[in-house]
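Letters go in sequence order (proteins before strands), and every chain restarts at 1.
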Protein chains: 2
Amino acid sequence: MPRAGVTADRLTRAAAEMADEAGLENVTASALARRFGVTVASLYSHVKNVEDLRLRVVALVLDELADRVAAALAGRAGKDALVAFAGAYREFAKAHPGRYAATQPRLDPGKATPEIVAAGRRHTELTRAILRGYGVPEAEQTPAVRLLSSTFHGYVTLEIAGGFAHTGDVDASWSRILDALDVALRNWPAD
Amino acid sequence: MPRAGVTADRLTRAAAEMADEAGLENVTASALARRFGVTVASLYSHVKNVEDLRLRVVALVLDELADRVAAALAGRAGKDALVAFAGAYREFAKAHPGRYAATQPRLDPGKATPEIVAAGRRHTELTRAILRGYGVPEAEQTPAVRLLSSTFHGYVTLEIAGGFAHTGDVDASWSRILDALDVALRNWPAD
DNA sequence: CTCGCTTCCTAAAGGCTTTAAGAATTTGGA
DNA sequence: TCCAAATTCTTAAAGCCTTTAGGAAGCGAG
């Protein structure tokens, strides 16, 4: 019987796809093994355990997301950049709910891998690029980055989860929120 | 052998406590049964299944959180109210990480119970109370509520998850973000 | 007291993760 | 080329989890 050609990377990519297709809660080691036509135990030759796999998926998705955002951001500045960044972020989450859900930290700092930390830094840098166009002072960039990250992440999370019932237009709200953030950044409060 | 006195409500409260003490991922039906000195199967006389229990916990926690926020908000207006609301929200999440994590919608709209929907409305109303002090026009309240909810939820989630590394002062950032939101609300962009 | 409802138990099926030990396949060096 | 080492995959088994079925025991109302 020839080998199935399982690899940590292939497992990771398959897990990400499966998350979008079947929901994150259904991507299990067993299901993955089935998908590869292999015994569950086989996976343990490539991946330390399920947690390890989960973290690899997180790193993969954060990188993919950063790629999208970077592309959207290219050549833009000011509010234009803000809207592009936010749009890319939100579109990714809506197009890949399982992947995005995989990103949600299940509450365990200290468990982040170097890859995840690096991806996080990449996200921070991309966000800082927006601030550059707004002239937010260096000392204020950390809170400003956190404001943007929090708002985008929070909105997308709540929207996907159906937290915004079906009342009101979610696209219109998104647009207004970007207007409001634009105001906040243009008038960043003095220290 | 006398009865253990298990109840759906007692299970729900125990689950919430256990989430804070041992982490949400460790609150299982089996663990709860052990805690009550009862067989796992017994729980199914009180609760439909694990999902049912989970949703009860969500409703309980959302109500507790709304209570805290309401208390903090009492008698305040304007930025004072904003800061009080946000502080109560964040303090609750940090003091009860398991409970707060239980709140995170595992991605399934349509599964919200009437209790959860009601609690959600309560949160919306409390948030609207802040806007009243800022004179945000009626038509703009939905996006404004969503801005605040998203930002608070996003920040707390990222903070608890260690997303903000240990770089920078998280309290200071929080404070700056509230300043920025205050600016945005005071200068809510015209339609 | 006893009937009937509710709570709890035993039993069992089925799914998931993880480890141990060995067989089979690759691969690279002699 | 060919064999030995390394890697991939399998079988086997333990342990935990959820859920259902069927029956026994407790409890409250009449």
Side-chain angles (χ1 to χ4, degrees), chain A residues 1-60 98 101-102 104-108 111 113, chain B residues 1-60 98 101-102 104-108 111 113:
Chain A
M1 201 183 283
R3 296 194 175 174
V6 177
T7 292
D9 280 338
R10 302 234 263 161
L11 281 177
T12 305
R13 285 194 296 269
E17 286 165 20
M18 197 178 268
D20 283 338
E21 292 161 8
L24 184 60
E25 68 280 5
N26 293 318
V27 19
T28 68
S30 305
L32 271 176
R34 259 174 255 131
R35 177 157 173 155
F36 278 88
V38 147
T39 310
V40 207
S42 305
L43 303 191
Y44 289 77
S45 294
H46 306 279
V47 141
K48 193 156 147 287
N49 52 33
V50 166
E51 173 77 355
D52 177 23
L53 179 62
R54 213 198 89 220
L55 294 175
R56 285 170 192 265
V57 173
V58 172
L60 169 68
Q104 313 268 78
R106 300 265 162 298
L107 199 52
D108 293 288
K111 281 198 177 172
T113 64
Chain B
M1 200 182 284
R3 296 196 175 171
V6 177
T7 292
D9 281 338
R10 302 236 259 162
L11 281 176
T12 306
R13 284 194 297 270
E17 287 166 20
M18 197 178 270
D20 284 338
E21 293 161 7
L24 184 61
E25 69 280 5
N26 293 318
V27 20
T28 68
S30 304
L32 271 175
R34 260 173 254 132
R35 177 157 172 154
F36 278 88
V38 146
T39 311
V40 208
S42 305
L43 303 191
Y44 289 78
S45 294
H46 306 279
V47 142
K48 192 156 149 290
N49 52 34
V50 166
E51 172 77 355
D52 177 22
L53 179 63
R54 213 198 88 219
L55 294 175
R56 285 169 191 266
V57 173
V58 172
L60 169 70
Q104 314 267 78
R106 301 263 165 297
L107 199 53
D108 292 291
K111 280 199 178 174
T113 64

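- Across all non-hydrogen atoms, the minimal contact from A:V57 to A:A102 is CG1-CB, 3.9 Å.
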Please list every donor-acceptor pair under 3.5 Å in which a side-chain atom of residues 10-18 of chain B meets a protein atom from a residue at least two apart or in another chain.
from  : atom 1 : to    : atom 2 : distance (Å)
B:R10 : NE     : B:G5  : O      : 3.1
B:R10 : NH2    : B:G5  : O      : 2.9
B:T12 : OG1    : B:A8  : O      : 2.7
B:E17 : OE1    : B:R35 : NH2    : 2.7

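- For B:R3 against C:dT6, a side-chain-to-base donor-acceptor contact under 3.5 Å is present.
- The stretch residues 6-21 of chain A comes close to DNA chain D through A:V6, each having a heavy atom under 4.0 Å from the strand.
- The side-chain contact (heavy atoms from CB on, under 4.5 Å) test with B:V47 is passed by exactly one of B:T7, B:L53, B:L55: B:L53.
- Taking a 4.0 Å limit (strictly below) on heavy-atom distances, residues 43-51 of chain B reaches DNA chain C at B:S45, B:H46.
- For the residue pair B:A29 and B:V50, the shortest heavy atom distance occurs at CB-CG2, 4.0 Å.
- A distance-only check finds a donor-acceptor pair linking the side chain of B:T28 to the backbone of B:A31 [under 3.5 Å].
- A search for side-chain contact (heavy atoms from CB on, under 4.5 Å) contacts involving B:A4 returns B:V6, B:V38, not counting sequence neighbours.
- Partners of B:S45 by side-chain contact (heavy atoms from CB on, under 4.5 Å), not counting sequence neighbours: none found.
- Counting to the nearest Å, the C1' atom of D:dT18 and the CD atom of B:E25 are 18 Å from each other.
- Listed in residue order, the members of residues 29-42 of chain A having a heavy atom less than 4.0 Å from DNA chain C are A:A29, A:S30, A:R34, A:V40, A:A41.
- Among B:R54, B:R56, B:K48, the single residue meeting the side chain to side chain donor-acceptor pair (under 3.5 Å) criterion with B:D52 is B:R56.
- Rounded to whole Å, atom P of C:dT18 lies 12 Å from atom CZ of A:R54.
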